[in-house]
Structure formats: structure tokens, C-alpha cells
Asks: 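After the C-alpha cells below, expect a handful of questions from me.
Lettering follows sequence order; numbering is per chain, from 1.
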Number of protein chains: 2
Amino acid sequence: MAIHKKSAFTQKEQELANFAKAMAHPARIAILKLLAQRNECICGEIVDLLPLAQSTVSQHLKELKNAGLVTGTIDGPRSCYCINWKAFSTFNNEFNFLFTNLKVKNEKACC
Amino acid sequence: MAIHKKSAFTQKEQELANFAKAMAHPARIAILKLLAQRNECICGEIVDLLPLAQSTVSQHLKELKNAGLVTGTIDGPRSCYCINWKAFSTFNNEFNFLFTNLKVKNEKACC
DNA sequence: ATCTTATATCGCAAATATACGATTAAAGGA
DNA sequence: TCCTTTAATCGTATATTTGCGATATAAGAT
């Protein structure tokens with residue numbers, strides 16, 4: 001069952017997994033890319049740039065926001081999203097620490 | 001529905017998403033960590049180190065293998081897994097290229 | 001006050017993922 | 001040959017994700 005024994009794992013393991021989960025969909029990667037390629041928030045437009053229904057995009061944005069990767073303010077009929085670089089690089093560092101640093105030491109083909 | 005309109009996104013977006021998906025579970029993060037912290041493959045033992053049933057661990061390993069993050073050889077009743085550093089750093093570079101490089105240019109708090 | 005526009009939320013259907021017990025398979029030892 | 005050990009696979013229950021249409025909401029325009 002999906003009893004999700006997440007509590008059996010460490011805080012960091014769960015954090016990294018949640019981060020990965022937030023990125024585990026091409027639509028969300030695309031959204032993050034759009035946000036990253038601009039120097040400012042994107043207010044509107046996002047839906048027009050994706051091949052998905054408005055409600056679907058809104059849901060993806062919500063997930064990115066819940067994961068902390070994106071910040072957003074709702075301003076009446078107009079919303080405004082941008083990447084939360086701080087949280088983003090925190091996770092990136094964690095990721096690199098866990099794997100890339102070790103890579104230097106190991107770099108060895110076994111099986 | 002989960003009609004997964006993945007085809008509507010670019011190859012790179014899908015690749016990154018698949019990579020993230022493979023890491024999107026604390027158990028798989030834990031497995032990767034175990035594999036990374038050693039200088040060699042882990043043959044056996046993995047199940048003992050995780051709070052999950054043998055069949056569940058086997059399934060997670062299979063997913064990591066499918067995603068290309070882990071290589072493995074089955075040697076009769078004994079299997080042998082280790083991290084595929086090559087694929088791993090390819091993805092890591094892609095990730096960094098997409099986001100971290102941009103970060104330097106942007107670093108700007110908006111909303 | 002009503003209409004328009006942009007976006008969030010709800011409700012549902014279908015696909016996927018998670019977990020585990022049971023079973024299978026395959027090699028080595030008795 | 002039969003038993004043991006180790007790990008993959010199958011079957012199944014349940015949870016979560018994905019996607020969309022319909023609806024709600026909220027601000028601005030008319």
C-alpha cells in the first residue's frame with residue numbers, strides 16, 4: 001500500500017525527496033524554466049505558454065509553491081509568480097553535498 | 001486524467017523530470033546515499049539497512065536502475081548494485097545549467 | 001450594478017506509485 | 001538430489017498524481 005513510510009527516513013532524505021517530487025513532472029520543469037529565464041516574476045501569461053488547461057497549470061503552480069520552490073502573490077484577478085532562489089539553492093546544495101562531493105572520491109566503475 | 005501529456009514537453013524537460021522522479025522518494029534517496037558512501041558496489045545488505053520489505057526495496061532498486069542512476073549485475077542469488085556516476089553527473093549538470101547558472105544573473109527578490 | 005478577465009478551487013475519472021506477502025528462480029552447499 | 005539463501009517478480013490493496021471541466025472568486029472596466 002501507499003502507506004508511505006516516510007517517517008522511517010531522515011529529515012534530509014525526506015526534504016530532498018520532496019524537492020525532487022516537485023520537479024518530477026515535465027510541466028513543472030517547464031514552468032520553473034520559464035520563471036528562471038526571466039529577470040522578474042511572471043504575472044499571467046504562464047497558461048498561454050503551456051499546452052495544458054488553466055486549472056491544471058494552476059495546480060502545478062500550487063505544488064511548486066507548496067514545495068517552496070516558487071513564491072507568489074495573488075493580486076485580485078492577477079497572480080504573480082517567481083522562483084524562490086533561496087530555497088532552490090538550499091536544495092541544490094544539499095543535493096550536491098550528498099552526491100557530487102562524494103563523486104570526486106569515488107569515481108570508480110564497478111559493476 | 002493522468003493522460004500524462006509528456007509528449008507536449010521537450011526531451012530535456014522530460015529527462016530532467018524522470019531524473020527527479022527517480023529521486024522523489026526518501027527510500028530511493030537513502031539507497032543512493034548508501035551506494036554513494038561506499039567505494040564499491042553493495043552486494044546484498046541493502047535490504048537489511050532499510051526499514052522496508054525485501055520486495056519493496058527490490059522494486060525501488062529496479063526504478064533506480066530503469067532511470068539509469070544505478071547499475072547492477074545479478075549474479076545468481078546475489079545481486080550487486082552501484083551508482084552510475086556518469087549518468088548521475090550528466091543529469092546534475094543539466095540541472096545546474098538550467099537553474100543554478102541562471103541564478104547568478106537573476107538573484108532578485110520580487111514577489 | 002453588471003460584465004469581463006484572470007485565476008483558484010472543487011469534483012471526478014483515470015493513471016501511477018507504494019507496499020507487502022506469496023511465489024518463483026537461480027546458485028551453492030549438504 | 002534436495003535444502004538453503006538471496007533476490008526478482010506477481011498479485012493485489014490502497015494512496016497519490018494528473019488532468020480537465022465546471023464553478024467560485026475577486027478586481028477592474030463599463
Asks: Starting from C1' on C:dA6, measure out to CD1 on A:I42 and report it in whole angstrom.
Replies: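 My rounded result for the distance is 15 Å.
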Asks: Which nucleotide, C:dT18, C:dA8, C:dA22, lies nearest any side-chain atom of A:Q54?
Replies: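 Nearest to the side chain of A:Q54 among the choices is C:dA8.
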Asks: With respect to the side chain of B:S79, which nucleotide from D:dG21, C:dA8, D:dA7 is positioned closest?
Replies: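 Selected nucleotide (nearest to the side chain): D:dA7.
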Asks: Round to the nearest Å and state the distance from B:L64 atom CG to C:dA17 atom C1'.
Replies: 14 Å
Asks: Just do the side chain to side chain contact (heavy atoms under 4.5 Å, CB included) check on A:L64 and A:Y81 with the steps written out, would you?
Replies: CA-CA 10 Å; A:L64 288 170; A:Y81 285 104; over 6 Å; no
Asks: Applying salt bridge (Lys or Arg N to Asp or Glu O under 4.0 Å), can you list everything that pairs with B:E63, at least two apart in sequence or on another chain?
Replies: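 B:E63 satisfies salt bridge (Lys or Arg N to Asp or Glu O under 4.0 Å) with B:R28 once adjacent residues are dropped.
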Asks: So, under a plain 3.5 Å distance rule, would you say the side chain of B:E63 forms a donor-acceptor pair with the base of C:dA17?
Replies: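 There is none.
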Asks: Quick one: A:E45 CD to C:dT5 C1', roughly how many Å, whole number?
Replies: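 About 15 Å, once rounded to whole Å.
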Asks: For D:dT6, does OP1 or OP2 lie under 4.0 Å from any side-chain N or O of B:Y81?
Replies: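 So the side-chain polar atoms of B:Y81 never come under 4.0 Å of the phosphate oxygens OP1 or OP2 of D:dT6.
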Asks: Any sub-3.5 Å donor-acceptor pair from B:Q14's side-chain atoms to B:F9's backbone N or O?
Replies: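 Yes, B:Q14 side chain to B:F9 backbone: donor-acceptor pair under 3.5 Å.
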Asks: Roughly how many Å is it from NZ in A:K21 to P in C:dT16, rounded to a whole number?
Replies: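 One finds 17 Å between P of C:dT16 and NZ of A:K21, rounded.
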Asks: How many whole angstroms separate atom CG of B:L61 from atom C1' of C:dA19?
Replies: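 B:L61 atom CG is separated from C:dA19 atom C1' by 15 Å.
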Asks: Whole-Å distance between C:dT18 P and B:I29 CD1?
Replies: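 Taking atom P of C:dT18 as the reference, CD1 of B:I29 is at 12 Å.
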Asks: For the side chain of B:T56, counting heavy atoms from C-beta on, which of C:dA8, D:dA7, C:dA19 is nearest?
Replies: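 From the listed options, C:dA19 comes nearest.
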Asks: Under the side-chain hydrogen bond (donor to acceptor under 3.5 Å, both in side chains) rule, collect the residues that match up with A:E45, sequence neighbours excluded.
Replies: A:R38
Asks: Without decimals, in angstroms, what is the distance between A:K62 NZ and D:dT18 P?
Replies: 13 Å
Asks: Just by modelled atom types, is the B:Q54 backbone N or O under 3.5 Å from a matching donor or acceptor in the B:S58 side chain?
Replies: no
Asks: Quickly work out the A:L49 CG to C:dA6 P distance and round it to whole Å.
Replies: 14 Å
Asks: Hey, is the side chain of B:Q59 pairing donor to acceptor with the base of D:dC10 inside 3.5 Å?
Replies: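 Counting by modelled atom types and ignoring angles, no donor-acceptor contact under 3.5 Å is found here.
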Asks: Nearest to the side chain of A:H25, which nucleotide is it out of C:dA8, D:dT18, D:dC20?
Replies: D:dT18
